[in-house]
Structure formats: structure tokens, C-alpha cells
Amino acid sequence: EVIAVDALARFMRLDGYDVRFQTGMDEHGQKIEQTARKLDIAPQALVDKVAAQFRALYDGLGISYDDFIRTTEPRHKTGAQEFWRRMSKDDIYLDKYSGWYSVRDEAYFDESELTQGEGGQKLAPSGAPVEWVEEESYFFRLSAYQDRLLELYEDNPGFIQPDSRRNEIVSFVKSGLRDLSISRTTFSWGVPVPDAPKHVMYVWVDALSNYITALGYPEPQGEMTRWPADIHIIGKDITRFHAIYWPAFLMSAKLALPKRVFGHGFIYNRGEKMSKSVGNVIAPQDLIATYGLDPIRYFLLREVAFGQDGNISHEALVQRMNSDLANGLGNLAQRVLSFINKNAGAVVPTPGALLPADEALLKAAQDLLPALRKEYAEQAFHRALDLIWQVIAASDRYVDEFAPWTLRKTDPARMNTVLYVLTQVIRQLATLVQPVMPASSAKLLDQLAVPKDKRDFAGLATPLAPGTALPAPQGVFPRFVEPAA
RNA sequence: CGCGGAGUAGAGCAGCCCGGUAGCUCGUCAGGCUCAUAACCUGGAGGUCGCGAGUUCGAAUCUCGCCUCCGCACCCA
């Protein structure tokens, strides 16, 4: 889920890291070529259209990517060809390939994997028709990498995450690796193999190399100095390619390996897999229009244990919106800020001596950042958010315990101290929630009069200055009310 | 067939690796408060932890068998 990657990237940026967040799309392959022919348009025109849709989607989701690479770009093609050349010559050899091929799956299947369809038609496990294909092909000596890959997994338990994915990959590799066909002659929509014009690269050599071609590979200077990547976040269905083929290719080309491959789960609609044929696909654009972008982002990161599959439903979404956002964070900010606005001169209050309870709440808020670093480092976004919300609950209890509306009459100085503590805490919370909800947290920080250049995590070290004028507060997270049926 | 995951209060989940009063969120019921977006706080009710057997002084937690659902296959990214 790109949103998760985005939140991670934003978190690291706010924490002072120089982040490069790149995404892109694979635009080659026989499937594209065929689809384009069916539509009677050029393949390039087809992928241009799709790419535009993707960019629009990402922009709509507020994705803060630094680069969006398409495999049809010249920079990718030349880079991919160079990558091919630099893979060890011992690893690439020419041979004949024959087997049952499914165009739809872009994969060959073993005889034993096929099922018998109607009229004797052989079908791939996916139900897609297969055809007997015999062609000249370049092969990659993947079999030679089995031990080195297992060693890699062994020495770096965190290389494939989550663990369940790792186990799958390890047992797959242990069961034996076969050499990989890495070129095709049956279609031409792809990157030509260097010095073998009849061949185009098989989709994965081509597509996987995007991670480095986007960095300017083979140019060793510039962005390429950032390689290796700290993490590849991918759909769990393509974990195999990223955790087996890609490291093997990189080893062959004598490049460093990414430090982690994270195969994330899928989002289900009410427990059902989204599928066009079932007609239960939820368009992100519709969700944003109905609920707003930040609530969606929050929901997806909070509700789903990242890495596992998750569910989305109107009911669950509304519940999160109303209880966590409107009643939780939103209400806390609103009750405190509007009280200050009405009863404490609309400025950051000046505190007196702090009581243990004050210290405790401030400490709880300050302790969040290191705790969040740990969770983000493990891509445990749901736990990170849970921690933040524990402090919100503690803050609500604190408000009730010290009841500023009573102190207003009995002890104004103490009231100011309480309100001061709360503004500091809310500021912490708003700052820490930025990676997940950039727009809403910005509004919150506006209301706390935090300068735009003081909103990163380093800025948290500087408390809000007492006496700073605060604007009139406005609700940031509206309750979701069912439209009248 | 095989490999993998899951079955715990009305709902969604944690706990299970490292056995010992079954926990969280939401909902629900009662009480409190009134600063706030009918919100917030406190307390209660609600579970034979899929089924059966075994190990053990003791099992949601370990072992074996069985049942059910799901993924590894479409789609989507």
C-alpha cells in the first residue's frame, strides 16, 4: 500500500533523514502488447494513459514520492541494458526453452501444475489458457545462487518481512531453484537484450532493475550513491521476485543488496477479495470524496496490522473516524483550545510549578517519539498509532481530573498550568501524527501557532512559548454523519 | 494433493514462541461531569478461548487427530 510507504517516508523526513521515495511502473511485456493491439492503439499510448492514471491516483492520495519511474523511459532502458551486461557472463547462457506458457500470468507452468479445461484445453492454475511455446531464450543461472540466498536469509533475518513471508520464501528456495528464462523472442515490446536484437528482456530483469535505473545507474555518481535501498515495500504476491531473483541478479552484477523486502498484505472489502468480476472494487477516489483523505490514510494504517491482509468497510471506517479522530484527537484539541480561547486570553498559558501528574503526562508525550521510531523501523504503523492514542486517552483523563472549568473560579494560576501542559501535549501529538495525516495535523499545528519550519521532530525539543497568541480553534476532524437515506 | 494462515464476549482483534486470575477497541447497561464535535471520565454485564483426545498438579497457550474458512490462482497494487 503506497500510503504506508508514504507515511514511512514522511516520518523519516520529519525525523531529519534525507529520504528518497521512489515508485514507478513496469510497462513492458506481452500482456501490454496484446492489450494494446486489441484496443488498436500503440503500446506506448496505452501505458501513457495508465501511467497518467497512476500519477493522478498517487497525487490524490497525497503520496510524497520523489521519483516515479516508468520502464519505457530512455533512462531505464539504457540502465537496464547496462545492468544486463554487467551481470556475470557465467550466469547468462543461451538455450532453448519450451513449455506451457500463460500469457496472462506471464509465466511458464510445469505440466503437473496444469488442469484440464473445457474441450481439452490446458489451463494454468490461474485458469488462464496456456500454449506450448518453444523458443530460444537466455537463461540466468539462478540455481547457482541457492546457497548464497539461503545464507543471506540466514544472516539477515529481517531481510524478508514479515516472518510469514520469509518462511515461505525460505522453503521455496530450499526446495530447489531452477535457472530462469530471462529473455523472450515471441514479442518485441520490451527492452532489447544487448547484442541480441531478436530478444527482449523478460519482464523481471527489466522491471526489477527500475530500482537502480531510477537512481541513474550505471552512473556511479549522483543518486546512485544512495544505493542500496533501505527497504522495498511490495505486494506480497511479488515477494518471490524481490526476495529471490532480485538479490541474485544484484549479486551477479556485484551490486549491494537492499536491506529489507517487505511484502505487504491486501485490503479486502468486507472480507471479500476485491475483484472486478465480483464488482466490489472500491475506488480510492470515491473513498476520498466521501470521507476525506486523512481519515482514509489513518484508517488504513491503524486498522490493518501492516503486512497482514486487512478489511475495509463503511461501518469500520466511520467508527474509526468518529471515535478516534472526531471524539479522540479532534475533541481533545477542541476542548482544550476553545477553553483557552474563551478563558485564558487566547494565548499559550504561562505555567506555574508542575505537579507530578503534570510531569507524568508531559513525559508520556515526550516518550512517544523514541517509541514511534522503534515501531516505524519495523513498519508497525498500527502499533505506532495505538501508542499515540494511548496518550490521547491519558490527556482526556487528565482534563477531567483537573477540571480547568472549576479551577477557573478557584485557582486561575493552576488552571494556566494545566492548560499549558495540555497545549504542549497536543502539539506533540499533532506533530507525531503528521506522517499519517499531513493535512489535518497541519491545521492543528496552525491552531497552535507552530511556525511551519518548526514542525519536524527536532522542533519538539522547543516547547511552545507562553504568551504566544493562538487563533480561534476550529474542528479539524468532523464526525461522519450518515447521509439521510 | 501439497505448502501457508486463521477459528478467543454482539462485532473486530491481542494473548499462544517462554503453560498458572482471559485482555483491548467498538457496541451495550448504570453512574459522573459539562470545557468540548450528543463529547469526555468511572463502573458493570457479556466468553465451555472451533471439536475430540493426550501430556501436566494445572492448557487459549504444548502434542496428535478432526471440522470449518481463507491465501498460495483471477482481480488489484
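Just so it is clear: chains get the letters A, B, ... in the order the sequence lines come, proteins before strands, and each one is counted from 1. A quick note: this is a predicted structure, and the numbers were derived from the prediction, not measured.
When heavy atoms are screened at a 4.0 angstrom cut-off, A:Phe402 is found touching no nucleic acid atom at all. Among the heavy atoms of the strands lying under 4.0 Å from A:Arg397 are primed sugar atoms or P, OP1, OP2 only; no base atom is included. Using a 4.0 Å heavy-atom cutoff across all strands shown, A:Phe54 reaches sugar-phosphate atoms only and no base atom. A:Val336 comes within 4.0 angstrom of nothing in the nucleic acid, heavy atoms only.
Rounded to an integer number of Å, the gap from A:Asn210 CG to B:rA77 C1' is 14 Å. The CG-C1' distance, from A:Asn322 to B:rG12, rounds to 17 Å in whole Å. Nucleotide B:rC3 holds its C1' atom 11 Å from the CZ atom of A:Arg240, rounded to whole Å. Taking atom OH on A:Tyr65 and atom C1' on B:rA77, their separation rounds to 16 Å, with Å as the unit. Note: CD (A:Glu401) to P (B:rC35) measures 18 Å, nearest angstrom. When the C1' atom of B:rU37 is taken as reference, atom CD of A:Gln447 falls 12 Å away, rounded to whole Å. Residue A:Trp389 contributes atom CH2, which lies 13 Å from atom P of B:rC40 at whole-angstrom precision. In this entry the distance linking CD of A:Glu315 with P of B:rC13 reads 14 Å, nearest Å.
Without hydrogens or angle criteria, A:Asn322 side chain to A:Arg479 main chain gives no donor-acceptor distance under 3.5 Å.
Rounded to whole Å, the C1' atom of B:rA38 lies 14 Å from the corresponding atom of B:rC33. Nucleotides B:rA73 and B:rG4 are separated by 15 Å at their P atoms, to the nearest Å. When the P atom is used for both B:rA22 and B:rG5, the distance is 28 Å, rounded to whole Å. Between the C1' atoms of B:rG46 and B:rG52, the separation comes to 27 Å (whole Å). Distance noted for atom C1' between B:rG71 and B:rC76: 15 Å (whole Å). For the P atom pair drawn from B:rG23 and B:rC49, the interatomic distance equals 14 Å after rounding to whole Å. Spacing between B:rG20 and B:rA60 at atom P, rounded to whole Å, works out to 10 Å. Between B:rG19 and B:rC66, the distance separating the two C1' atoms is 24 Å to the nearest Å.
Ion pair A:Asp26/A:Arg70 not flagged as a salt bridge, since none of the NZ, NE, NH1 or NH2 atoms sits closer than 4.0 Å to an Asp/Glu carboxylate oxygen.
Using modelled atom types, one finds no donor on one side chain facing an acceptor on the other under 3.5 Å when comparing A:Thr350 with A:Asn416.
Among the candidates A:Arg414, A:Lys363, A:Gln424, the single residue satisfying the side-chain hydrogen bond (donor to acceptor under 3.5 Å, both in side chains) test with A:Asp358 is A:Arg414.
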- Message: Output one letter per nucleotide in nucleotides 24-34 of chain B: B when a protein non-hydrogen atom lies under 4.0 Å from the base, S when only the sugar-phosphate is that close, - when neither is.
- Response: --S-----BSS
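The side chain to side chain donor-acceptor pair (under 3.5 Å) test applied to A:Gln434 returns no partner, not counting sequence neighbours. Judged as a side chain to side chain donor-acceptor pair (under 3.5 Å), and not counting sequence neighbours, the contacts of A:Gln22 are A:Arg20.
Between B:rC35, B:rA77, B:rC40, one nucleotide has an atom nearer to the side chain of A:Ile238 than all others, and that is B:rA77.
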